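For reference, the structure discussed in these notes is given below.
Each chain gets a letter, A, B and so on, in the order the sequences are listed, and its residues count up from 1. Just so it is clear, the model here is predicted, and its values are computed rather than measured.
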Number of protein chains: 2
Amino acid sequence: MLAKSSTELVRQKNSGLVLSALRQHGPLAHTELSDFTRLSSATVSVITADLERAQIIEKSEQQATTGRGRPRVLFSPRRDCGYLIVVVISSNAVQYSLVDYSGRLIDRFSEERPRETSGVVSLVAALRDALRRIAARSQLAHDQVLMISISSKGLVDNSEPVLRWSPTFGRDEIDFAAVLSDEWSARIILGNETQLVAAALGRQDENKMGGEFRALAALSLGHSIGLGIVRRDEEGHHQISAPNFGHMMHVPGGALCRCGARGCIEAYAGFYAMLRTAFDVPLDTIPAKFVPIAELDKIAVSARHGGRRNVLAFRQAGLALGNGLSRVLSLHERMPIVITGPGVRYYDLLIGGIEEGLAESHVVRMEGMPELRVAIDEQTLVFEGHLNRALSILDNDIVRKGASVVELRDQAG
Amino acid sequence: MLAKSSTELVRQKNSGLVLSALRQHGPLAHTELSDFTRLSSATVSVITADLERAQIIEKSEQQATTGRGRPRVLFSPRRDCGYLIVVVISSNAVQYSLVDYSGRLIDRFSEERPRETSGVVSLVAALRDALRRIAARSQLAHDQVLMISISSKGLVDNSEPVLRWSPTFGRDEIDFAAVLSDEWSARIILGNETQLVAAALGRQDENKMGGEFRALAALSLGHSIGLGIVRRDEEGHHQISAPNFGHMMHVPGGALCRCGARGCIEAYAGFYAMLRTAFDVPLDTIPAKFVPIAELDKIAVSARHGGRRNVLAFRQAGLALGNGLSRVLSLHERMPIVITGPGVRYYDLLIGGIEEGLAESHVVRMEGMPELRVAIDEQTLVFEGHLNRALSILDNDIVRKGASVVELRDQAG
DNA sequence: GTTAATTTCTCGACTGTCGAGAAAAAAATC
DNA sequence: GATTTTTTTCTCGACAGTCGAGAAATTAAC
């Protein structure tokens, strides 16, 4: 059922437009806001006045007056309007960052996650404790934190903040909302790590290419394999998704995967899988829990010197990835693929197999090889993706709250 | 870049809401419109008055007054507001239907398509001729036809009406807009056949389940294999897509497919593929152009009596489909799968393989077997899908044209 | 005929956007 | 230093849209 529209909705949308212009381009003056949003000057006046009254944006300190004429007043999101905590869960550590409403990093620390006691219970306990700590360190009351944005590898529900499956906790689901709601009124959102990388890359590409941007896939190579897809819908919004690519079936009944199934892509292209092939271990051997990257580096060196078995390990991984990607392209439109994660250091060894695995398929024969790129700084991209997503959802929430209406009445009364 | 909103847009959306309510529930009175759209009575008055003045809807003849009180006046789309031609291209024939704006079938004929001379040129010539004819038979001027909705099997561009690849014409693309625009001002849209089946089924499901409906896949089994996916986005719109499922890679370097690639799903599950397996023909044999269904029926009969080789043919096809579907489910959320097309008559022989092919994968182990259904009347569903899609796009176009504003000025002047 | 029930229409209030021009404020010029 | 120019921001009136409440219309029941 479609929802009706109304004049209030118009205001919400346009206020959102103003906020997102400020996010994208930094502090802007009245005139620039009018240009970017294509709203009339009068409308911009009303909206900025409302947002200012509602304490969501503020006039920033005068910049050195540059030309003649009346000097501009720049608007920017109020830093103290609210706070965001970003939690990046990786296999061996959890990183906590406190960010203000303007997107500025305020505080950050990481905590090792002991591999032995890595049950869900201990993670949740550590999480609750660390969240309390990061708020306390900046003397923030819990209700000043408007959002907690969490990311992890694994399978993420796409409506609730529930981790359905993860390489570290398997099928032990974690419902972050349930676990944190007693202490935090903040909105909790959860994203797959590679999904956030895709979100960040999508934003970058859109900034570069303007309206040309259509879609993009991010492929993260590491102990496990992640895929994130971002597509621009007809209204210009970015739809991000995190397919279960690492555990898509590569070969029916094939190599044993960490997840317990057989023949997953990860069971051929994950670090542990490459190690297995290199050492010629039977494919139904239970996968190693953890592979030091130095081990793989050794294999890579040998492969680069022509070591047959080691070359094969990378080639086989590449083939699994290429075949999988060809299947992704069969089910979506053609899109560039950005490869990231610790595994990019073996890109030279993998690319042959990837391209071969892609080339066999009907889509690639039809549309040609997709553009393949490499992005080194995965961690930066993850954080950037967090910020993009969290702040834009936050803006949306705030605008939807009808801040203008409510606050205006408060001021009047 | 997001677009700004305005009060005019509000009217457009709400007018669209009124029109789509009329489409969905048939002729409705003022009060019912107000109920379905959740718009106030006053707003419904203004919108219906506008649409009536613009000759888009009309008050239908009084129904026998049922209760006491002022009798209702029912609104419905004006039949003569415009016309739609539906063209269903199948392997051996093309069906033309003329439909009025209210969705009522006015005229229909089919034309055999001779298999020998089946080049693009001859198809286009026949198409142009038949379109002229169907309009002439009902004495319609060409500009009264507002839309021509075409469907075919194969790969369809998702923004322009261009057939990128089809089982019959291969890589000879057909740009229907280019080919018809000299004679027709109508908007030309093109859809994949199974995509339209999915659209029709999605509408049906939504009507049944209300807001519960999330997503659905339609799988069409025949000489070739089609897949359509429909998903409800957060605004309630149905997003339909037609992945290149039939030519998604099943086994790298596997059986030779009609498309020239190797190992496509179709090369295991298409009718010609099943025949190949049944007769133990080598997998790299060039596929038969056409398989009479009687041939397959014989094989099915034998298989149902336990003929080993024939059982295998269906099982292998089922496995290819099951594996492919598991990959689809890895890349999308869990959704029910509706199987249709001439191949459903072998459902009893295929289902074992399908389920086995699904069962091995990580997604199915996680989320359980997806719901599998069968739909017999594929042709009806295709036509229904055409109507759903075409009329709703038409409504949208009309509303967006600002019919109300322009026409009001015309009337006033 | 009168009353009750039901549906549709109309009016005034409210919220939105927009264009044009007034007001503000600093640099340039006389 | 006063005046003009330039640039930016604000304000006003016009117009488009929705809504709630109540008036008007119309028929069945009494």
Side-chain angles (χ1 to χ4, degrees), chain A residues 3-18 27-53 57 59-60 62-75 399 402-409 412, chain B residues 3-18 27-53 57 59-60 62-75 399 402-409 412:
Chain A
K4 71 176 175 183
S5 197
S6 65
T7 49
E8 279 94 0
L9 254 168
V10 170
R11 181 43 133 327
Q12 270 177 38
K13 272 212 157 183
N14 288 341
S15 300
L17 216 53
V18 167
L28 295 178
H30 183 105
T31 333
E32 298 163 315
L33 278 174
S34 174
D35 287 350
F36 283 128
T37 59
R38 308 184 137 284
L39 292 168
S40 76
S41 164
T43 306
V44 171
S45 278
V46 181
I47 290 179
T48 49
D50 271 15
L51 291 176
E52 201 182 351
R53 207 170 357 227
I57 62 174
K59 296 194 171 108
S60 31
Q62 304 272 36
Q63 58 174 359
T65 143
T66 159
R68 64 179 176 177
R70 181 171 174 173
R72 311 182 142 187
V73 273
L74 301 183
F75 290 101
V399 159
S404 52
V405 182
V406 176
E407 300 282 334
L408 270 171
R409 299 241 167 94
Chain B
K4 70 175 175 182
S5 197
S6 65
T7 49
E8 280 94 0
L9 255 167
V10 169
R11 180 47 141 308
Q12 272 178 37
K13 273 213 155 180
N14 288 342
S15 300
L17 216 53
V18 167
L28 294 179
H30 183 105
T31 335
E32 296 163 315
L33 278 174
S34 174
D35 287 351
F36 283 128
T37 60
R38 309 183 136 285
L39 292 168
S40 76
S41 164
T43 305
V44 171
S45 278
V46 180
I47 290 179
T48 50
D50 271 14
L51 291 177
E52 199 181 355
R53 205 166 4 220
I57 62 173
K59 295 193 171 111
S60 31
Q62 304 270 36
Q63 58 174 357
T65 145
T66 158
R68 66 177 171 179
R70 182 172 172 173
R72 311 182 144 191
V73 273
L74 301 184
F75 290 100
V399 160
S404 51
V405 182
V406 177
E407 300 283 332
L408 269 170
R409 300 241 167 94

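With sequence neighbours left out, A/S40 forms a side-chain hydrogen bond (donor to acceptor under 3.5 Å, both in side chains) with A/T43. B/V10 pairs by the side chain to side chain contact (heavy atoms under 4.5 Å, CB included) definition with A/S5, A/V10, B/N14, not counting sequence neighbours. Every side-chain hydrogen bond (donor to acceptor under 3.5 Å, both in side chains) that A/S41 has, sequence neighbours left out, goes to A/H30. Every residue two or more places apart in sequence or in another chain that forms a side chain to side chain contact (heavy atoms under 4.5 Å, CB included) with B/T48 is listed here: B/L33, B/V44, B/I57, B/F75.
For B/S41 against D/dC19, a side-chain-to-base donor-acceptor contact under 3.5 Å is absent.
A sub-4.0 Å separation between OP1 or OP2 of C/dC18 and a side-chain N or O of B/K4 is present. Note on B/T7: every side-chain N or O is 4.0 Å or more away from OP1 and OP2 of D/dA16.
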With the criterion being N/O to N/O and under 3.5 Å, what pairs connect the protein with nucleotides 5-8 of chain D, and how long is each?
unit_1: D/dT7; atom_1: O2; unit_2: A/R70; atom_2: N; d: 2.8
unit_1: D/dT8; atom_1: OP1; unit_2: A/R72; atom_2: NE; d: 3.0
unit_1: D/dT8; atom_1: OP1; unit_2: A/R72; atom_2: NH2; d: 2.7
unit_1: D/dT8; atom_1: O4'; unit_2: A/R70; atom_2: O; d: 3.4

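In terms of position on DNA chain D, the residue among A/S6 and A/T48 whose nearest nucleotide sits closer to the 5' end is A/T48. Nearer the 5' end of DNA chain C, as judged by each residue's closest nucleotide, is the contact made by B/A42, out of B/A42 and A/V46.
To the nearest 0.5 angstrom, B/L17 atom CG is 8.0 Å from B/I47 atom CD1.
Of all the heavy atoms in B/V399 and B/G16, the pair that sits closest is CG2-N, 4.0 Å.
Checking C/dT17, D/dT11, D/dG17 against every side-chain atom of A/S45, the shortest atom distance belongs to D/dT11.
The end-to-end axis angle of the helix from C/dG1-D/dC30 to C/dC30-D/dG1, rounded to 10 degrees and based on five pairs per end, is 30°.
Between the side chain of B/T37 and the main chain of B/V18, no donor-acceptor pair closer than 3.5 Å is present. Within the 3.5 Å criterion, the main-chain N or O of B/R38 finds a donor-acceptor partner in the side chain of A/K4.
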